[in-house]
2 protein chains.
Amino acid sequence: MRVFPAIRVPPDAGQADIHLAWEFPEGVAVNPIKVGICGLGTVGSGTYNVLTRNAKEIASRVGTDIVIAEIGARRDNPNCDTGSVPVNRDVFALAENPEIDIIVELIGGTTVAKELVLKAVANGKHVVTANKALIAEYGNEIFAAAAEHGVTVAFEAAVAGGIPIIKALREGLAGNKIDWLAGIINGTGNFILTEMREKGRDFNDVLAEAQALGYAEADPTFDVEGIDAAHKLVILASLAFGIPLQFDKAYTEGISRISQEDVTYAEQLGYRIKHLGIARDTDKGIELRVHPTLIPEKRLIANVNGVMNAVMVQSDAVGPTLYYGAGAGSEPTASAVVADIVDVARTLTAGPENRVPYLSFQQSALSSHPVLPIDDVETAYYLRMSAVDRPGVLSKVAQILSDDGISIEALIQKEPAEGQNLVPMIILTNRTVEGKLSAAVSRIEGLESIVGEVTRIRVESLAG
Amino acid sequence: MRVFPAIRVPPDAGQADIHLAWEFPEGVAVNPIKVGICGLGTVGSGTYNVLTRNAKEIASRVGTDIVIAEIGARRDNPNCDTGSVPVNRDVFALAENPEIDIIVELIGGTTVAKELVLKAVANGKHVVTANKALIAEYGNEIFAAAAEHGVTVAFEAAVAGGIPIIKALREGLAGNKIDWLAGIINGTGNFILTEMREKGRDFNDVLAEAQALGYAEADPTFDVEGIDAAHKLVILASLAFGIPLQFDKAYTEGISRISQEDVTYAEQLGYRIKHLGIARDTDKGIELRVHPTLIPEKRLIANVNGVMNAVMVQSDAVGPTLYYGAGAGSEPTASAVVADIVDVARTLTAGPENRVPYLSFQQSALSSHPVLPIDDVETAYYLRMSAVDRPGVLSKVAQILSDDGISIEALIQKEPAEGQNLVPMIILTNRTVEGKLSAAVSRIEGLESIVGEVTRIRVESLAG
């Protein structure tokens, strides 16, 4: 790539000289910026299509063409005609190609992808990736290498697909102290919970359909057990609070045990159940947790349905803000990949001091504020249990809760069904520390008038 | 300001040399970046407070301190203790202060503010402003001057307060062709419409309260007649479609004529009435319009209530995205001002080629795509009229509409109230061109069985 014939500023320059450097004509002609796309699956083909279809639009934003110099893919993609762009079966060859300025890693996984990214970085190439697992689990190591080699590693597409949430946290909210964030950051889980609520369907039934529709993988564990969401949450928390990536410290609970009755009772209480990733900055430490959550139905985020994603951020200056859009899919994810390519293209001739830090805060300024164990996290709780239909059961349960300083905010107690002597009892508690609640619940489960396990779901008001 | 001792790239440098420039230690020590705040009103004091309170947080994001070198204000603000920062009664003096890198214009209005911004630009200072009227009406002139002097003029705070919508359009969606956007971009109007719907109150009643609460100005024209929203829409449209700012071409209609019955009938039809700014890119030209709009109640943006703002953007790659937050107020607006200061701080030692263009597209690439006159705009319509309670009236009205190729999608016809012979008739039409609808409406108003004017409100599905 040719460098702009700009007047550069000598180290001893004064204000006046700096302005000289700024007196620079619009729309400087430069050689195109060359990207290498590694991986030609769903996101890779989407990136190829968007860069090609919107080439003129993108060039007139950047001020120079962005050209796909080479594609690295083990196999072709029947849904993507790569025209005259050379396709290399060896993705590592792209990291060695001196023509390429930016390596776009869209392979997925954490083995080949990690090796590729580190090799590209070592060769002084900027990297754009959509790989949430790679960043959440190996980001600290990757960013250290990138800093050493003075290159950018951009990952907007790794969280919430096409929603520019990473840019919002790193730049748009840069003046704020961020208090907490809560996000619907897995479309499959949100689709399942939406169908369960709107159509009264069961979890397994909807999951099967989601798999048929291609929303869910054959092995749905990553989605429904919250691992995918935890990867994204860990990244968002680092950007928000300036802590290193700590995937191993995230608490993760899936939605596979949410029953139709819980969805119904939640609605009767004025709540919706959403699978949220929540990160909160407290004096004691950082909360980092993914779990099903009851939230008031009047909250905007409670009305985010189907496969759509949304992230709500609470900050000290701006207050609550929310970002909504498609969290996955070929072109929505490609939209974020291309936005990163455009950002990187703009920094190609600038120094590192002109760039946004990888994790929003300067690497040297990352904090050691600890991540809180889940037992120390305070929330309110929804409890559902089966009680023998007999006087005094509620008072026993209430007694156990109050012994731990937990009070009851709301209660639903049903008549037993015909020929049954078990009644469902639903309790909303006030806010308490998880450790206390767990102790109380095990004592409640010990009552001979309570049959089976107590179902517990955390409750968050998400009040701005 | 001292310049980083970075290795700068000679014009004839190759790839290898450029990487040298990137091999640069993290957290370079530099002299603080100095800002001058002009105007110490609501936003000015909020900016002072946020920059002061979050100084450490901001510095660890930017990598250098941001210092308020001087404040320019005609009078002090009792709600803002400016400590030891020198306050100058002459704002123009700040534009001459060689110490100051960035002038923050928070005076408002288009006279002094314009003179100040142009003077700052002429003196080679970067500018951050929250002034929507100034940018919408004089932005083209200001950006030309800024380009000539190689400085940035940033204005995130000019639209939707603390919501980083300008950054989303210019950067986050840079890979997309944007099809249309629709925004609730005036909090006062949204507060009034929300109260009318939720509490069945009348427009004037709520407006009076909004004025008492300080949401609405003593002269509410700017807010309720849509002028403020039009200023913001014109800016958003330029960023989205790459057209010059054309405030004089925007169609503006306020909410002062929305009656309680319209709100109620809209709800019966499954819609909410919102005061939207809508910009759409069509083959014939750009739609640029602010008016009350019926939107389906299930849309997320239909559930944005009170003084909150939201902007929905429909793009070709990512599809629909939505951005929600506080659109006004001291610290929410300051949040955007500070985000701009941080952005500008990062570009101080970079060349213009490393910056995001003022209007998202390179100045040289702005398009001449025309703005459509409102008569050529196509939407569906809500029509409310008073009809004499007599057979055949509906058929006459339907005949007039069908003569113009307009069909009826939904209809509400009420029984006359006791002792009345006039019945309200509410019609939802299919999509049609405004010119045709206007012609049909005037013929309907000519029917002797129709009494008084026909109320018309545009309907948008906002389908992604």
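In what follows, chains are A, B, ... by sequence order, proteins preceding strands, each numbered from 1.
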In terms of heavy-atom pairs under 4.5 Å with chain B, the winner among A:Asn49, A:Asn54, A:Val338 is A:Asn54
Please report the closest heavy-atom contact between A:Ala317 and B:Val50, naming both atoms and the distance. CB-CG2, 3.8 Å
Distance (rounded to the nearest 0.5 Å) between A:Asn176 CG and B:Arg53 CZ: 8.0 Å
d(A:Leu322 CG, B:Leu322 CG) to nearest 0.5 Å is 7.0 Å
Could you grab the distance from atom CG of A:Leu173 to atom CD1 of B:Ile163, nearest 0.5 Å is fine? 11.0 Å
Counting heavy-atom pairs under 4.5 Å with chain B, which one of A:Thr321, A:Asn309, A:Asn305 comes out on top? A:Thr321
Between B:Arg346 and A:Asn354 (side chain of the first, backbone of the second, donor and acceptor by atom type, cut-off under 3.5 Å), is there such a pair? no
With only heavy atoms counted, which part of A:Val62 is less than 4.5 Å from chain B, the side chain, the backbone, both or neither? backbone
Distance in Å, B:Glu57 CD paired with A:Ser360 OG, rounded so as to fall on 0.5 Å steps: 9.0 Å
Taking every non-hydrogen atom, the tightest pair across B:Glu331 and A:Asp316: OE1-O, 3.8 Å
To check you understand the geometry: which heavy-atom pair defines the closest contact between B:Ala168 and A:Pro164, and what is its length? CB-CG, 4.2 Å
Contact class of B:Glu156 relative to chain A, heavy atoms under 4.5 angstrom: neither
Residue selection (most heavy-atom pairs with chain A, distance under 4.5 Å) from B:Ile166, B:Leu300, B:Ile66, B:Leu366: B:Leu300
Name the member of A:Val356, A:Leu359, A:Leu51 that forms the most heavy-atom pairs with chain B at distances under 4.5 Å. A:Val356
Measuring heavy-atom distances to chain B, does A:Met308 have an atom under 4.5 Å in its side chain, in its backbone, in both, or in neither? side chain
Who wins among B:Ser60, B:Gly172, B:Gly325 for the most heavy-atom pairs under 4.5 Å with chain A? B:Ser60
Atom CD in A:Glu297, atom CG in B:Asn303: separation rounded to 0.5 Å? 11.0 Å
Max heavy-atom pairs within cutoff under 4.5 Å with chain B, candidates A:Ala336, A:Gly319, A:Ser335, goes to A:Ser335
Considering non-hydrogen atoms only, spot the tightest contact between B:Val318 and A:Gly162 and give its length. CG2-CA, 3.5 Å
Side chain, backbone, both or neither: which part of B:Asp343 has a non-hydrogen atom closer than 4.5 Å to chain A? side chain
Chain A contact via B:Ala334 - side chain, backbone, both or neither, heavy atoms under 4.5 Å: neither
Do B:Arg61 and A:Gln362 have side chains that approach each other closer than 4.5 Å (heavy atoms only, starting at C-beta)? no
Point-to-point distance, once rounded to the nearest 0.5 Å, from OH of A:Tyr324 to CD1 of B:Ile301: 11.0 Å
Which pair of heavy atoms, one from B:Glu171 and one from A:Ala339, lies closest together, and at what distance? O-CB, 3.4 Å
Any idea which of B:Ala365, B:Ala174, B:Ala326 has the most non-hydrogen atom pairs under 4.5 angstrom with chain A? B:Ala174
